[in-house]
Each structure stands twice: as structure tokens, then as C-alpha cells.
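Report on the following structure.
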Amino acid sequence: MLSNKSKAIGFILLSAFGFALMNAFVRLAGDLPFIQKSFFRNAVAMVAAAVVLLRSKVGFRWEKGNLPLLLLRSICGTIGIFCNFYAIDHLVLADANILNKMSPFFAILFSLLLLGERATLFQYCAVLAAFGGSMLVIKPGFSADTFPALIGLLGGAGAGAAYTVVRALSKRGEKSARVVFFFSAFSMLVALPFILFDFHPMTGMQLTYLLCAGLSATLGQFGVTLAYAHAPAKEISVFDYSQVLFAALLGFFLFGQIPDWMSVLGYIVICGVSVVTFCYNRAAESKEQLHGRV
């Protein structure tokens, strides 16, 4: 029987593939406002979550006392998705993905603030190193892409905070499908005024791409929600970086995008730090288990 950690790794790999596909479809949808794109993405996710809730007969009513956390998760998640979609439209796809993948490092910081889950000095140093890697991607002051890149980093922070709250909700017995439904509905309500006053007509192909983005995002959303429900960020975050590889391949084959050398170096630093951190966590866990047997 699979352990919780093995299940979490499987879910997060599935999530990484889903989100990489989502980003590609968002870019393929072309010159539409990023808020309009997020609206249709979340509409598909909300319907999918509603179907799961209806089939499982658990209901749409959240667990007692969980509303503040659901609202916090939704606010952070909405900031994250708006910023991420803006970055996707203005950056090389792999750059937008790696900045969003700063979320596990932000999750470590937010886990301390929101959950009281303390990391070690090594892990906090890893966060600083990863931030340094993100600066290689952003290239502050050296590129016209600096502003979109900073927005992309803010999206990573929003996602990291959202995933931390997901873990808090899972500890309080909240169903994953209910978390996805609440977030998707909340994000759609935030986007609705922009849609009503600044709707851009879409071609049939653009609508198809956005629906595909929504389906891919649903796969990613359920995957990441289940992953962080089964294990803390510091144990599984390294596997989330497979999305960078997926994104780079999709960006190259679909858009002919080739990241510059500084961005590639940033990818190596961030992914390398995540691998070293993962190995450190595994070694620390093995040491604790050994001491527990003594």
C-alpha cells in the first residue's frame, strides 16, 4: 500500500503536467485580457468540482469554522492566478513557470507564519538562494520584461500562501473538492465586473483553448490540493519543478521559445536548490527515525 508521501509525489507530478498544459493553452488563446482568461479557466474548474461534490454527496457547505481560511485561500489564490496569467502573456513560457514555481519556497515561509511549522536554518537559506535564482530570471534593470517578471514572482508568492492555507484546511477536515469549488467561484466573482464592462469577443478556437486550459487547470488544481493534503511542502516541493521541464518543452515546440542564458542559469539555481533541500529533508527524516528506534 502506498504511503502518504508516495501518493503526494504522484499527485504533485500530475499537477505539474496539468498546470504546464494550462499555461500553454492560455498562451495559445492569444490577445485576450488575462482576467477574462482566468474567468473561463476557473469556470471549468468550478463545474468539475461541483460534479465531484454532487457525486460524492458531501455537500457544498464547508466545515464549521473554516470560512475564514477558505476566504484567505481564495484571496491568495486569485492574486496568484491573475499574476501568473499576466506573466504568461508577457514572458517566455518557461520564465513564467519558474517564477510561479517559487511558490514552494514561499510556502515554507508562510507555513511558519500561518501554521507554526518551523523550518531549519538550512531551509531558510535555501529560500534565499532560490530568491537569488529568481533574480537571474527577472534580471531587474536589464530587461523590458522586468515588470512582468516581478508580477510573475508575486504570483508565486500568492500561490505559496494559498497552498499553505490548503494544508491548514486539510488538517481541519475540509474536502479537497470543496476547496477547489470555493476558490474557483470566488475568483470568478472577482473577475465578473471586468468581464461585464470589458468583454473581448472570442473566436471558436480561442474559446476551445480556454476550455482546454480550464480542464488542464482542474487536473493541476486537484493534484496540488491532494498533494499538500498528504504531505507538507518541505517534503514534496522538489517534484513540483518537473513543471519547468514540461513548460520548456511546450514553449519550444509550440512557440519556438528559447530562454536566454541568464534565465537558464536561474532555472538551474532554483531547481538545484530544491533538489538539495529535498535531499536534506530526507536525510534529516532518516536521522530522526534512527534516533526514534534507539
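Predicted model only: the values in this text are computed from it and were never measured. For the numbers below, each heavy atom of this structure counts, side chains included, while hydrogens, waters and symmetry mates do not.
Between Ile195 and Gln36, the closest side-chain pair of non-hydrogen atoms falls below 4.5 Å. Between Lys37 and Phe25, every side-chain heavy-atom pair lies at or beyond the 4.5 Å cut-off. Residues Tyr267 and Asp95 are in side-chain contact: their nearest non-hydrogen atoms beyond the backbone lie under 4.5 Å apart. Within the 4.5 Å cutoff, no side-chain heavy atoms of Phe255 are placed close to those of Leu250. Within the 4.5 Å cutoff, the side chain of Val92 has no heavy atoms near those of the Ser263 side chain. Using a 4.5 Å heavy-atom threshold, the side chains of Leu70 and Phe186 count as separate. At a threshold of 4.5 Å between non-hydrogen side-chain atoms, the residues Leu72 and Cys76 count as touching. A heavy-atom distance below 4.5 Å is found between the side chains of Phe122 and Val276.
Atoms CG and CG, from Asn97 and Leu93 in turn, are 5.0 Å apart once rounded to the nearest 0.5 Å. A distance of 11.5 Å separates OG1 in Thr164 from CG in Leu69, rounded to the nearest 0.5 Å. Here the CZ atom belonging to Arg73 is positioned 12.0 Å from the CD atom belonging to Glu174, to the nearest 0.5 angstrom. Here the CD1-CZ distance, from Ile75 to Phe183, works out to 11.5 Å after rounding to the nearest 0.5 Å. To the nearest 0.5 Å, the span separating OG1 on Thr208 from CG on Leu28 amounts to 11.5 Å. The OG atom of Ser38 sits 5.5 Å away from atom CD1 of Ile81, with the distance rounded to the nearest 0.5 Å.
Linking Ile, Leu, Val, Met, Phe, Trp and Tyr whenever their side-chain heavy atoms come within less than 4.5 Å puts Leu207 and Leu215 in one cluster. Hydrophobic clustering of Ile, Leu, Val, Met, Phe, Trp and Tyr side chains at less than 4.5 Å, counting indirect connections, keeps Leu211 apart from Leu219. Connection of Val44 to Phe60 is established within a shared hydrophobic cluster, with ILVMFWY side chains joined at heavy-atom distances below 4.5 Å, either directly or through further cluster members. The hydrophobic cluster containing Leu226 does not contain Val165, counting ILVMFWY residues as joined when their side-chain heavy atoms lie under 4.5 angstrom apart, directly or transitively. When hydrophobic clusters are built by joining Ile, Leu, Val, Met, Phe, Trp and Tyr residues whose side-chain heavy atoms come closer than 4.5 Å, directly or via intermediates, Leu121 is not grouped with Phe106.
Considering all non-hydrogen atoms of both residues, Val190 and Pro193 come closest at O-CD, 3.3 Å. Nearest approach of Val273 to Ala129, heavy atoms of both residues: CG2-CB, 3.7 Å. Counting all heavy atoms, side chain and backbone alike, Ala217 lies closest to Met22 at CB-SD, 3.4 Å. The heavy-atom pair separating Leu53 from Ala177 by the smallest distance is CD2-CB, 3.7 Å. Heavy atoms only, all atoms of each residue included: Ile88 and Arg27 are closest at O-NH1, 2.7 Å. Closest approach of Phe182 to Ser74, counting heavy atoms only: CD2-OG, 3.2 Å.
Side-chain atoms of Arg41 do not come within 3.5 Å of backbone N or O of Leu210 as any donor-acceptor pair. Asn84 contributes no side-chain N or O that, together with a main-chain N or O of Gly80, makes up a donor-acceptor pair within less than 3.5 Å.
Enclosure of atom CG in Asp31 is not indicated, since only 12 or fewer non-hydrogen atoms of other residues, nucleotides or ligands lie within 6.0 angstrom.
Phe34 and Phe82 have perpendicular rings, their planes meeting at more than 60° on a 0 to 90° scale where under 30° would count as parallel.
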- Give the intermediate values and the outcome of side chain to side chain contact (heavy atoms under 4.5 Å, CB included) for residues Tyr86 and Phe147. CA-CA 10 Å; Tyr86 180 87; Phe147 179 74; 3.6 Å; yes
